[in-house]
Enquirer: 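Quick one: this structure, given as structure tokens, is what I'll be asking you about.
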Amino acid sequence: MDLSRRGFFKAMGVGSAALAAQPRDSHATASPVSSDDSLGCLVDTTLCIGCRKCEEVCNQRHGLPKPDESFEELTVLENERRMDETSYTVVNKYYPKDIGTLTWRQRPSFVKFQCMHCNDPSCVSACIVGALTKESNGAVVYDVKKCIGCRYCMVACPFQVPAYEYDNALTPHVRKCTFCFSYIKDGGLPACAQVCPKEVMTFGKKKDLLDLARWKMKNNPGKYVDHIYGEHEVGGTSWLYLASEPFTTIGFPKLGEKAPPRLTEAIQHGLFQYFAAPIGLYAVLGGVMWVTGFLKDAQKETDEDGSKKGDTP
Ligand code: SF4
Ligand code: SF4
Ligand code: SF4
């Protein structure tokens with residue numbers, strides 16, 4: 001028994017207006033976003049067939065380079081991959097550790113990964129210049145104009161998501177899934193959710209997605225493990241997952257419920273407490289930002305959706 005994405009929102013009384021994004025905050029925040037209206041995606045890994053259409057459309061929407069091997073090549077799924085500066089999302093294949101008697105257990109699990117858009121993101125907390133922000137609609141977005149390339153966000157992320165363009169000597173950017181921010185803020189869909197032929201991803205208000213996840217578990221006894229990944233991990237994430245196997249066996253880290261930003265902030269505050277006002281450091285950082293800003297303004301590459309490449313689409 002299953003319920004399609006469109007059917008679910010019809011049943012829940014969530015129309016297109018309700019799917020529209022919330023107003024954008026103008027400032028960075030490391031505070032948790034707990035609004036019932038924030039948006040998310042529920043990924044039902046039991047439906048995924050590993051076709052890689054989501055990877056392909058994401059690359060197209062964001063103007064990322066084509067991979068060496070085409071998106072039709074499915075043998076790449078045999079090796080576990082990570083997101084990098086050329087791919088905001090990857091699908092991996094995991095063979096069941098313990099084959100059960102039910103047919104659904106006799107197939108591998110395919111799992112799509114991308115930024116989890118944490119409620120209380122450690123990348124946002126770690127960024128000393130506010131280049132990463134948690135928007136009120138749930139997306140964690142990146143502003144290349146503010147980034148000084150310190151890569152604290154990469155160290156801080158518990159999911160090891162942000163990637164860095166090491167090959168780009170002049171204007172390297174941090175790269176990660178944007179939650180298709182420029183689309184969802186105007187009521188659109190994330191490209192990956194839109195294109196998926198199996199409707200693996202359900203996009204909507206997070207509170208409705210949690211209801212849907214619980215509905216699926218209740219009405220499909222034995223199909224899912226009793227765990228919605230992202231409901232509580234690191235304080236909750238905008239992307240949520242259902243699976244038929246324990247999450248630690250399909251590529252997910254075992255994480256506590258406490259958000260890492262509190263630790264990050266404590267370290268940063270501790271460091272600054274024992275140093276004199278770092279005026280010289282600010283001067284250097286300001287100079288770096290001016291130079292990188294100048295170079296970025298000179299760079300006119302654009303994404304397909306018209307936003308500047310590496311900006312916050
Ligand atoms: S498009 Fe959908 S079915 Fe295909 S790999 Fe991505 S999530 Fe899985
Ligand atoms: S998964 Fe990592 S990069 Fe994404 S919001 Fe969370 S801390 Fe930031
Ligand atoms: S939400 Fe957008 S940026 Fe993120 S993986 Fe999907 S298509 Fe790519």
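In listed order, ligands and their atoms are each counted from 1.
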Enquirer: Using a 4.0 Å cut-off to any heavy atom of Thr89, which atoms of ligand 3 qualify?
Expert: 5 (S)

Enquirer: Show the atoms of ligand 1 that are less than 4.0 angstrom away from any heavy atom in Cys54.
Expert: 1 (S), 5 (S), 6 (Fe), 7 (S)

Enquirer: I'd like to know if Lys206 and Glu231 make a salt bridge, using a cut-off of under 4.0 Å between side-chain N and carboxylate O.
Expert: no

Enquirer: For ligand 1, which atoms sit closer than 4.0 Å to a heavy atom of Cys51?
Expert: 1 (S), 3 (S), 4 (Fe), 5 (S)

Enquirer: Within a distance under 4.0 Å of any heavy atom of Ser122, pick out the atoms of ligand 2 and give their elements.
Expert: 7 (S)

Enquirer: Just to be sure I read this right, does ligand 2 sit under 4.0 Å from the backbone of Lys176, its side chain, both, or neither, counting only heavy atoms?
Expert: side chain

Enquirer: At what distance is the nearest protein heavy atom to atom 3 (S) of ligand 1, and which residue and atom is it?
Expert: Ile49 N, 3.6 Å

Enquirer: Number the atoms of ligand 2 from 1 as they appear, then name those within less than 4.0 Å of a heavy atom of Pro158, with their elements.
Expert: 7 (S)

Enquirer: Do Arg151 and Tyr164 form a cation-pi contact, if we require the NZ or CZ to be under 6.0 Å from the six-membered ring centre and within 45 degrees of the ring's axis?
Expert: yes

Enquirer: Going by the atom numbers of ligand 1, which of them fall below 4.0 Å from some non-hydrogen atom of Pro197?
Expert: 1 (S)

Enquirer: Which atoms of ligand 3 are found less than 4.0 Å from any heavy atom of Lys112?
Expert: 5 (S)

Enquirer: Check each atom of ligand 2 against the heavy atoms of Pro162 and keep those under 4.0 Å away; list them by number with element.
Expert: 3 (S)

Enquirer: At what distance, to the nearest 0.5 angstrom, does CD1 of Ile228 lie from CE of Met217?
Expert: 4.0 Å

Enquirer: Please write down residue, atom name and distance for the protein heavy atom closest to atom 2 (Fe) of ligand 1.
Expert: Cys196 SG, 2.3 Å

Enquirer: For the OH atom of Tyr241 and the CD1 atom of Ile250, what is their distance to the nearest 0.5 Å?
Expert: 9.0 Å

Enquirer: Where is the nearest protein heavy atom to atom 4 (Fe) of ligand 2: which residue, which atom, and how far?
Expert: Cys115 SG, 2.3 Å

Enquirer: Hey, which atoms in ligand 1 end up nearer than 4.0 Å to a heavy atom of Lys53?
Expert: 1 (S)

Enquirer: Can you tell me the protein heavy atom closest to atom 6 (Fe) of ligand 3 and the distance?
Expert: Cys192 SG, 2.3 Å

Enquirer: Mind checking whether Val76 and Arg52 have side chains closer than 4.5 Å, heavy atoms only?
Expert: yes

Enquirer: Counting heavy atoms only, which part of Arg61 comes closer than 4.0 Å to ligand 3: side chain, backbone, both or neither?
Expert: neither

Enquirer: Which class fits the ring pair Phe247 and Phe252: parallel under 30°, tilted 30 to 60°, perpendicular over 60°?
Expert: perpendicular

Enquirer: Looking at Cys180 and Arg61, what are the two nearest heavy atoms and their distance?
Expert: SG-NH1, 3.2 Å

Enquirer: Would you find a donor on one side and an acceptor on the other, under 3.5 Å apart, between the side chain of Glu73 and the backbone of Thr75?
Expert: yes

Enquirer: Considering heavy atoms of the protein only, find what lies nearest to atom 8 (Fe) of ligand 1 and give residue, atom and distance to 0.1 Å.
Expert: Cys48 SG, 2.3 Å

Enquirer: If I take atom CG from residue Asp37 and atom NZ from residue Lys205, how far apart are they, to the nearest 0.5 angstrom?
Expert: 4.0 Å

Enquirer: According to the interplanar angle, ranging from 0 to 90°, do the rings of Phe179 and Phe203 count as parallel (below 30°), tilted (30 to 60°) or perpendicular (above 60°)?
Expert: perpendicular

Enquirer: Please state whether the rings of Tyr94 and Phe113 are parallel, tilted or perpendicular, taking 30° and 60° as the class boundaries.
Expert: perpendicular

Enquirer: I need the nearest protein heavy-atom contact for atom 7 (S) of ligand 1: residue, atom name and distance, please.
Expert: Met201 CE, 3.6 Å

Enquirer: Set out, in order, the CA-CA distance, both residues' side-chain angles and the distance that settles side-chain contact (heavy atoms from CB on, under 4.5 Å) for Thr133 and Val124, then state yes or no.
Expert: CA-CA 6 Å; Thr133 55; Val124 171; 5.6 Å; no

Enquirer: Establish, from distance only, whether the side-chain atoms of Ser244 and Lys223 form a donor-acceptor pair under 3.5 Å.
Expert: no

Enquirer: Go through ligand 3 atom by atom and flag the ones less than 4.0 Å from a non-hydrogen atom of Cys58.
Expert: 3 (S), 5 (S), 7 (S), 8 (Fe)

Enquirer: If you count the atoms of ligand 1 from 1 in the order shown, which ones are under 4.0 Å from a heavy atom of Gly50?
Expert: 5 (S), 8 (Fe)

Enquirer: Going by the atom numbers of ligand 1, which of them fall below 4.0 Å from some non-hydrogen atom of Val91?
Expert: 5 (S)

Enquirer: Can you name the atoms of ligand 3, numbered from 1 with element, that are less than 4.0 Å from a heavy atom of Ala191?
Expert: 7 (S)

Enquirer: Can a donor-acceptor pair be found, under 3.5 Å and without considering hydrogens, that links the side chain of Gln160 to the backbone of Met154?
Expert: no

Enquirer: Run the contact test for Cys177 against ligand 2 with a 4.0 Å cut-off on heavy atoms, strictly below, and give the result.
Expert: no

Enquirer: We want to know whether Tyr95 and Lys93 form a side-chain donor-acceptor pair, criterion being a heavy-atom distance below 3.5 angstrom.
Expert: yes

Enquirer: Counting from 1, what ligand 2 atoms have a heavy atom of Cys118 closer than 4.0 Å?
Expert: 1 (S), 5 (S), 6 (Fe), 7 (S)

Enquirer: Out of all atoms in ligand 3, which are within 4.0 Å of some heavy atom of Pro190? Include the element for each.
Expert: 1 (S)

Enquirer: Which atoms of ligand 2 are found less than 4.0 Å from any heavy atom of Phe159?
Expert: 1 (S)

Enquirer: Where on Thr178 is there a heavy atom closer than 4.0 Å to ligand 3, on the side chain, on the backbone, on both, or on neither?
Expert: both

